[in-house]
Amino acid sequence: MNQQESLLPVERHEEGQEPAESRLPVVLTFPEDRPIIGRDLDAFKDYFGATVAQALAALGIQTHGRWSTIVKKNADMPVDGAIANLVRWYAAHPERFPFGQVDMPTLRLRLSINQDSFAQLFGRRKVAVSHWERKQVKPEPQVQIIAREMDDLLKSYEHQAEQERDGSLVVLQRLLSKLDDIDEDKSLRGKSEILAAIRETLLMEEKNIAVKQEATTRSLDMLHEFMDIAALNSSLIPAPPPRRKGVRQKKLPIAGE
């Protein structure tokens, strides 16, 4: 995998077409002079583009019936305190929402793979990737879960790689600082003592870099491991046809059923 810089998500829309997301607030906020009430949960779900099942999981609500009671029957009643805490927390930190959307074109660019290989990660066909990238079809919940896993691993890899790039500058700065200390230390006269002091600094930096490299390699290894899993499943299970709005897909037979 080639190392690439992270790219900011870019929304693509058909010419003259207003994005659906524009109808939603840029930032999700709730009044601080009243408690979170049942109808707020619907706004919460819509803001994140989540399904009811995803909202249930994110807020720890056990059943669809319970959700319906809170959102409809008790729409103007305060919700459970723990649920209210989670709603305000995710509103303040949307990046922590466990079912957040990942920009698919950006993810594929960061992985540096073609549409065929990208589709294989999700057990889908190339045409499905085209639909996602053109915003024609929203990825299914299980596809979004995989996308978030890939995004998290990439973020970890990119963060560690950035730290490694900065490592050489840190080493240089510490060596220069050590040389200044040596210059001020009048007790150091011999060449061997100066070399020993510099060698000690380099050995310390070597240990720090080794720890960072281990973390970077772990993220990359996990990415490759998931790709291997996807390749195995692709050889065993046929990818379903692309999903289209308003069209019910036939269930494909799976070996063993």
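- Between the CG atom in D116 and the OG atom in S234 there is a gap of 10.0 Å [rounded to 0.5 Å].
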Next item on the list: Please assess H131 against R125 for the test side chain to side chain contact (heavy atoms under 4.5 Å, CB included), listing each intermediate value before the final yes or no.
Entry: CA-CA 10 Å; H131 290 165; R125 298 178 182 177; over 6 Å; no

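- Cluster membership check: M222 shares its hydrophobic cluster with Y157, using side-chain heavy-atom separations under 4.5 Å among Ile, Leu, Val, Met, Phe, Trp and Tyr.
- Residues V52 and L86 share a single hydrophobic cluster, defined by chaining ILVMFWY side chains whose heavy atoms lie under 4.5 Å apart.
- Annotation: Q62, atom CD; neighbour count of heavy atoms from other residues, nucleotides and ligands within 6.0 Å does not exceed 12.
- Proximity of a side-chain donor or acceptor of K45 to a complementary backbone N or O of Q54 within less than 3.5 Å is not detected.
- Remark: the backbone N or O of S130 is not paired with any side-chain donor or acceptor of E133 at under 3.5 angstrom.
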Item checked: salt bridge (charged side-chain N to carboxylate O under 4.0 Å, His left out) evaluation trace for K135 with D103 -> CA-CA 10 Å; K135 311 297 183 185; D103 188 76; 3.2 Å; yes

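- Within the 4.5 Å cutoff, the side chain of I146 has heavy atoms near those of the F226 side chain.
- Between Q142 and R124, the shortest heavy-atom contact is NE2-NH2, 3.4 Å.
- Under the side chain to side chain contact (heavy atoms under 4.5 Å, CB included) criterion, N74 pairs with T69, M77, sequence neighbours left out.
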Check: Which is it for I37 and V79 under the side chain to side chain contact (heavy atoms under 4.5 Å, CB included) test, yes or no, and what are the steps along the way?
Finding: CA-CA 5 Å; I37 59 177; V79 302; 5.6 Å; no

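- In this structure, the side chain of R96 does not engage the main chain of W89 through any donor-acceptor pair within 3.5 Å.
- Interatomic distance, CZ of R148 versus CG of L107, reported as 12.0 Å (0.5 Å rounding).
- The residues D40 and R34 are annotated as salt-bridged, a charged nitrogen and a carboxylate oxygen being separated by less than 4.0 angstrom.
- Taken together through direct or relayed side-chain contacts under 4.5 Å among Ile, Leu, Val, Met, Phe, Trp and Tyr, M227 and M104 form part of one hydrophobic cluster.
- Judged as a side chain to side chain contact (heavy atoms under 4.5 Å, CB included), and not counting sequence neighbours, the contacts of V71 are L41, D42, W67.
- With rounding to the nearest 0.5 Å, the separation of OG1 in T29 from OH in Y47 is 9.5 Å.
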Next item on the list: Please lay out, stage by stage, how L56 and H64 fare under the test side chain to side chain contact (heavy atoms under 4.5 Å, CB included).
Entry: CA-CA 8 Å; L56 291 175; H64 281 71; 3.5 Å; yes

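- Ring-plane geometry between F122 and F118 is classed as perpendicular, the angle between the planes exceeding 60 degrees on a 0 to 90 degree scale with a lower cut at 30.
- Once rounded to the nearest 0.5 Å, the distance linking CG of L223 with CE of M150 reads 5.5 Å.
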Notebook entry, point to check: Under the side chain to side chain contact (heavy atoms under 4.5 Å, CB included) criterion, do Y90 and L28 qualify, and how do the steps go?
Noted result: CA-CA 9 Å; Y90 289 136; L28 181 63; over 6 Å; no

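- Smallest separation of non-hydrogen atoms from A58 and P98: CB-CG, 3.9 Å.
- Residue F30 holds its CZ atom at 5.0 Å from CD1 of I36, rounded to the nearest 0.5 Å.
- The structure places CG of D228 at 9.0 Å from CG of L232, a figure rounded to the nearest 0.5 Å.
- The environment of CD in E149 is sparse: at most 12 heavy-atom neighbours from other residues, nucleotides or ligands sit within 6.0 Å.
- Between the side chain of Q144 and the backbone N or O of P139 there is at least one donor-acceptor pair closer than 3.5 Å.
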